[in-house]
Amino acid sequence: MVKQVVTTICFVLFHCIISYWAFMSSCSVHSTATTIPAIARYFGTKGRYEEVNPYLIDDILDIKKSLVKLPSLKCYAIHLTAVIRHGTRFPTTKNILKMRKFYDLVVRYASGNLNCLWEIKSNWKMWYRDEMDGRLVDKGREDHKHLAQRLIRWFPSLLTKENLRRGRVKLITSSKHRCVNSTIAFRAGLMEGLNIQVELEHAVNDTLMRYFDQCERFVKEVENNKSALEEVKYFNEGPEMKRTMEKMADRLEVPYANITDDSVEAAFYLCAYEFTIKGLNSPWCQLFDKVDAEVMEYSGDLKQYWKRSYGHEINSKSSCILFHDLFHRLDRVVAQINSDGVVSEVVTVQVGHAETLIPLLTLLDLFKDDIPLNSTNFATQQNRIFRSGHIVPYAANLLVVLYQCPDGIRMGVRINEKPLTLPGLSDSVPLYEDVKKHYSALLGGCDQETVCKIKNS
Ligand SMILES: *[C@@H]1O[C@H](CO)[C@@H](O)[C@H](O)[C@H]1NC(C)=O
Ligand SMILES: *[C@@H]1O[C@H](CO)[C@@H](O)[C@H](O)[C@H]1NC(C)=O
Ligand SMILES: *[C@@H]1O[C@H](CO)[C@@H](O)[C@H](O)[C@H]1NC(C)=O
Ligand SMILES: *[C@@H]1O[C@H](CO)[C@@H](O)[C@H](O)[C@H]1NC(C)=O
Ligand SMILES: *[C@@H]1O[C@H](CO)[C@@H](O)[C@H](O)[C@H]1NC(C)=O
């Protein structure tokens, strides 16, 4: 009798353990604990800001003051310009279509016996609708609200009630709804963080924040020119991408012919969007291993490189207007400090796109690899510095700070709240006049109209 009970208990226990193990190892969509997909750091421009600064996962308002080293304790901040990408958003309609097509293929034809396929077929619903088209999601509002509140902590003497009341804080945005709504969320974050309510209108300025649309030469030579992006095309037709597609087809047990580079891209997006929007480590993520994710990341980085960065000179030159706008403002601040000491524009926040930030960072010579990224050097570019996931995740930001120091006015630059030294300058917080000397060719030229004019041949 006793023996029988023990046997039964053992049997039940064994089954519990087995089913628990099976549950844990499946890719459950109902898992409540948010686990981070193993491939989350490869999402590129579809990546989460927290992947760049993982300490934010524990405390979203944390700042790492110890990273900032000023030349003297007597330096204090006098101005901040922040150029910020919009927050987390829905996929665009074009990508929603690709995702739906891939989802339909999986539901109808996939016959592999991976747990995650079963999860997708029985539990996952295609909930993305065309009208979501690139709109800001709740997480995107939070991205900007929290960034505003961290900036209050970073710059307590600049983001003050007084400066807000006196209109010394300016907000400028691109006209795209996701940027306008990011700006509104940023402002709400400021008001909440400083515990005040004041009028603070934002200005919409596409000439400045969407300069790439207005640069005729860029539009003709790159945007509307298929051969400008041929390295991306060659890579997507090349051996690494082919292998990724074949592995995907093997996992789904569908013919190789049914999986295109669009299908693997759609699967990758499904994994990325489910995570950034809903915080889910969804079954879609199980369709990729680390190497596949690296290939997808490289394909995305190649596109940014050739369309927005070092690939073509006009890419960075199209941002001349934003470059001059920045230095005009900094000059004005310096002139005011040197006259009556009253700065009229203490903080300027400019909200735009990844496409707004990358060309400007490129113009400043940042994140430049010695060897260009191309269709055949995926393997040797493993340690490249041009990684869009590190540079422009959602809510990515370029912070330019002027300091009054005992020996003059100095300038600090941070990307995503991490200080960096401008290439060609030895000092991490150089004198402002040395920065100007370094960029003198651009400051004296880089005229938007001239640069963007189409050359008649
Ligand atoms: C912007 O936010 C407002 C209110 O928060 C919302 O009603 C509107 O739909 C949002 N627009 C977009 C494009 O997300
Ligand atoms: C398109 O891009 C290629 C490669 O950069 C370039 O040689 C060509 O002149 C461009 N075409 C136009 C119309 O600008
Ligand atoms: C899958 O490939 C087969 C040929 O191998 C083709 O007949 C079929 O239409 C394809 N189906 C889809 C959904 O692409
Ligand atoms: C947009 O910004 C540019 C550059 O600072 C400026 O010249 C222009 O007047 C602004 N446009 C509007 C509508 O404010
Ligand atoms: C890509 O770059 C490598 C250097 O890393 C070079 O050897 C190779 O020829 C380039 N490939 C193409 C297609 O330009």
Side-chain angles (χ1 to χ4, degrees), residues 79 81-83 167 170-176 179-180 183 200-241 295 298-299 301-333 344-345 348-353 356 359-360 362-363 368-386 400 442-443 446-457:
H79 174 83
T81 289
V83 187
K170 298 252 166 30
L171 304 178
I172 301 165
T173 177
S174 133
S175 66
K176 275 274 162 168
C179 296
V180 173
T183 309
L200 178 57
E201 288 300 319
H202 58 259
V204 172
N205 192 334
D206 281 347
T207 311
L208 201 54
M209 304 316 293
R210 292 182 61 80
Y211 53 77
F212 42 88
D213 280 347
Q214 324 209 347
C215 182
E216 232 187 317
R217 192 168 145 221
F218 167 77
V219 171
K220 176 166 173 268
E221 292 182 6
V222 180
E223 180 103 75
N224 294 336
N225 178 2
K226 278 209 175 92
S227 31
L229 295 193
E230 59 189 6
E231 291 299 326
V232 185
K233 177 170 166 277
Y234 294 150
F235 183 75
N236 290 347
E237 293 167 357
E240 292 92 357
M241 188 59 85
V295 169
Y298 197 63
S299 173
D301 286 352
L302 267 181
K303 183 165 167 205
Q304 296 302 328
Y305 188 89
W306 290 93
K307 193 165 178 185
R308 305 290 173 184
S309 189
Y310 296 103
H312 302 287
E313 201 192 339
I314 188 60
N315 296 352
S316 61
K317 285 291 170 65
S318 68
S319 75
C320 285
I321 187 166
L322 188 55
F323 174 86
H324 281 301
D325 172 78
L326 171 66
F327 278 93
H328 281 155
R329 188 178 314 107
L330 301 180
D331 279 349
R332 198 164 60 227
V333 171
S344 55
E345 205 167 329
T348 305
V349 174
Q350 301 183 316
V351 180
H353 309 261
T356 311
L360 180 64
T362 305
L363 196 66
K368 186 176 193 174
D369 291 283
D370 295 335
I371 296 163
L373 277 61
N374 71 23
S375 56
T376 58
N377 62 11
F378 166 74
T380 54
Q381 291 286 14
Q382 292 279 324
N383 297 316
R384 67 189 178 280
I385 44 180
F386 192 85
V400 178
L442 289 173
L443 287 166
C446 199
D447 172 58
Q448 188 86 1
E449 274 191 34
T450 318
V451 161
C452 292
K453 206 182 296 165
I454 291 169
K455 288 190 189 119
N456 293 316
S457 47

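Numbering of ligands and ligand atoms starts at 1, following listing order. Along the sequence shown, residues carry numbers from 1.
Ring orientation note: the planes of Y298 and F235 are nearly perpendicular, at an angle over 60° on the 30°/60° scale.
The contact set between ligand 5 and I371, taken as ligand atoms under 4.0 Å from a residue heavy atom, comprises 4 (C), 5 (O). Against a heavy-atom cut-off of under 4.0 Å, N205 is close to the following atoms of ligand 4: 1 (C), 2 (O), 3 (C), 8 (C), 10 (C), 11 (N), 12 (C), 14 (O). Distances below 4.0 Å separate heavy atoms of T376 from the following atoms of ligand 5: 1 (C), 8 (C), 10 (C), 11 (N), 12 (C), 13 (C). The distance from ligand 4 to the heavy atoms of D325 drops below 4.0 Å at these ligand atoms: 4 (C), 5 (O).
Considering backbone and side-chain atoms alike, N374 places an N or O below 3.5 Å from some N or O of ligand 5. Ligand 5 has an N or O atom lying under 3.5 Å from an N or O atom of N377, backbone or side chain.
Ion pairing between D206 and K176 fails under the 4.0 Å rule for side-chain N and carboxylate O. We find that E216 and K453 are not joined by a salt bridge, their nearest charged nitrogen and carboxylate oxygen being 4.0 Å or further apart.
Looking only at atom types and distance, the side chain of E231 has a donor-acceptor partner in the side chain of S375 under 3.5 Å away.
Looking at every heavy atom in both residues, L322 comes nearest to Q350 through CD1-OE1, 3.5 Å.
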Please give the N or O to N or O pairs under 3.5 Å between ligand 2 and the protein, distances rounded to 0.1 Å.
residue, atom, partner, partner atom, Å
ligand 2, 2 (O), N225, ND2, 2.3
ligand 2, 11 (N), N225, ND2, 2.8

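The shortest distance between side-chain heavy atoms of Y305 and N374 does not fall below 4.5 Å. Counting heavy atoms from C-beta on, the side chains of L208 and I321 come closer than 4.5 Å.
Within a 6.0 Å radius of CG in N383, no more than 12 heavy atoms belonging to other residues, nucleotides or ligands are found.
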Check the pair L229, K307 against side chain to side chain contact (heavy atoms under 4.5 Å, CB included), reporting the backbone distance first and the verdict last.
CA-CA 7 Å; L229 295 193; K307 193 165 178 185; 3.8 Å; yes
